[in-house]
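All of these numbers come straight from a predicted model, not from anything done at the bench.
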Amino acid sequence: MKLPAIVHKFSSPKNFYTMSGKMIPWFMWSFLITLFAGLYYGLFVAPPDYQQGESYRIMYIHVPAAWMSMFIYMVMAISASVGLIWRIKTADLMASVSAPIGAAFTFLALVTGSLWGKPMWGTYWVWDARLTSELILLFLYLGFIALQAAIEDPRNAARAGAVLLIVGVVNIPIIHYSVEWWSTLHQGATVGKFDKPSMHISMLIPLLVMATSFKLYYAASVLMRARGEILRREQNTRWVKEVVENESK
Amino acid sequence: MSAPEQISSTMGAFIALIKRDLMLSYRHRNELLNPLLFFVIVVTLFPLGVSPEKQLLQTMAPGVIWVAALLAAMLSLDTLFKSDYEDGTLEQMMLSPHSNAVLVLAKIISHWLVTGVPIILMAPLLGLFMFLPWDGIAALMLTLLLGTPVLSLVGAIGMALTLGLNRGGMLLSLLVLPLYIPVLIFSASAVDASMAGLDINGQLYFLGALLVLSITLAPLAAATSLKISVE
């Protein structure tokens, strides 16, 4: 299958650099607006939970972070596959610069989950299925980052990373369900894990706003990192020298 | 070459490669003992570190033996491609007209025969060390029979990815161990269940499914990774 020429044109490092430079402020501003709106509605306007009181509000960070941790892994796997199949440099780049952001969101989800666990379950850590799969996801991210760091040639690093990501995508559902199965076997009803009733709309809306906000943040930060990485990798080309000269004026 | 001929010659290459690898391992048979000794020593450490009490060891036995088997399988991966990579044989193999995935599968099978099978045969002894009842030992051997090939297959991908790297060993464990988790979960719980006198078919079916999945897909991924590493 051939990609239309426009894809190649847009994805050339130089065009990508200029286009993304124009997109970043839009993402950044809409991120800030949705962030403040989401936090305000989540922390002040949404009603307290009938069971968990105020402490449920950490959900507005925790749940979007957990969603992002999986979303970014999927984005990485897809863009790495695109890079592997059509040999598009920028797609490789997106996968490798996304990894630290994804790992950070995974870590954030784990930390907020554990802080939430203290008042709810009475302990910071529970070998609950979701927490455990999230922890394993963090290991997968760290493995990918370590592999990228170990291979010097960026082209080979990208291809090796792509294989690892694809293997990871096949494995994530298997790991997830086996962990779920394991935790029901080991713990059953001993964990007082609240069964989530369908959420009230006044709580749901801030959550969705926060999720959008996190996605916008990811878009802005991944483009910033990609721009930096492009400059580093293409530092010997003429257009990069021109860009650097113009910007340092 | 016509299609049937091609198939039969690929089959020939497959068998020849298994024979060659088995012969090579036989010539270096001292090396084969290392992962096995590692397996035994790691399990021996647990009674020393925790307590020699029968009840406690029995509860821990499935997990401890399986974690030790996992680590031994992972460490033994080192011999899978390394010497062929260093002397250039691997490169020639990649250049041959036969499907790389088939050749990789042949290497994995012969590697499993010399590292996985001894682990299975050693398991009853360790089961006795850890006071596993006979039912538990039988389940342990069954799960090892289904599980260790998965470890070799999935590990081959990690090994292929880290082949040319200087400090590949630590990295390999980072890449491979998270992927081993499902095997560990189902195997250890099968042994657990068999000790409680429960049916273990469910876990065995799962392990079988994992084996079928990895035997189909892992050689392809490993062959692709090898190509990247060899280039």
Query raised in the report: Going from CD on E180(A) to CD1 on I185(B), what distance comes out if it is rounded to the nearest 0.5 angstrom?
Result: 11.0 Å

Query raised in the report: Going by residue number, which parts of residues 152-164 of chain A are within reach of chain B, meaning a heavy-atom gap below 4.5 Å?
Result: N156(A), R159(A), A160(A), V163(A), L164(A)

Query raised in the report: So, for F186(B) and W181(A), is the gap between ring centers shorter than 6.0 Å?
Result: yes

Query raised in the report: When only pairs under 4.5 Å are counted, which of L140(A), I172(A), L147(A), L84(A) shares the most heavy-atom pairs with chain B?
Result: L147(A)

Query raised in the report: So with a 6.0 Å cut-off around OH of Y17(A), is the heavy-atom count from everything else above 12?
Result: yes

Query raised in the report: Should we count CH2 of W125(A) as having more than 12 external heavy atoms under 6.0 Å?
Result: yes

Requested in this report: Report, by ascending residue number, the residues of residues 214-227 of chain A in heavy-atom contact with chain B at a distance under 4.5 Å; give 'none' if the set is empty.
Outcome: none

Query raised in the report: Between S229(B) and chain A, which part of the residue has a heavy atom less than 4.5 Å away: side chain, backbone, both or neither?
Result: neither

**Report entry** Distance, nearest 0.5 Å, that separates CG of L179(B) from CG of N171(A)
**Finding:** 4.5 Å

Query raised in the report: Is the number of heavy atoms from other residues, nucleotides or ligands under 6.0 Å of Y85(B) OH greater than 12?
Result: yes

Query - For the student: nearest non-hydrogen atoms of L171(B) and G143(A), plus distance - result: CD1-O, 4.4 Å

Query - Where L175(B) and F144(A) come nearest, the two heavy atoms and their spacing - result: CD2-N, 4.5 Å

Requested in this report: Name the option with the most non-hydrogen atom pairs under 4.5 Å to chain A; the candidates are L213(B), V176(B), L165(B).
Outcome: L165(B)

Report summary line: Taken to the nearest 0.5 Å, the spacing of S178(A) OG from L210(B) CG works out to 7.5 Å

Query raised in the report: Is chain A contacted by the side chain of I157(B), its backbone, both, or neither, given a heavy-atom distance below 4.5 Å?
Result: side chain

Requested in this report: For atom CZ of F107(A), decide whether the heavy atoms of other residues, nucleotides or ligands shown that lie under 6.0 angstrom number more than 12.
Outcome: no

Requested in this report: Using non-hydrogen atoms and a 4.5 Å limit, figure out which bit of L177(B) sits close to chain A: side chain, backbone, both or neither.
Outcome: neither

Report task. For each of A160(B), P178(B), G158(B), tally heavy-atom pairs with chain A at distances under 4.5 Å, and name the one with the top tally. Result -> P178(B)

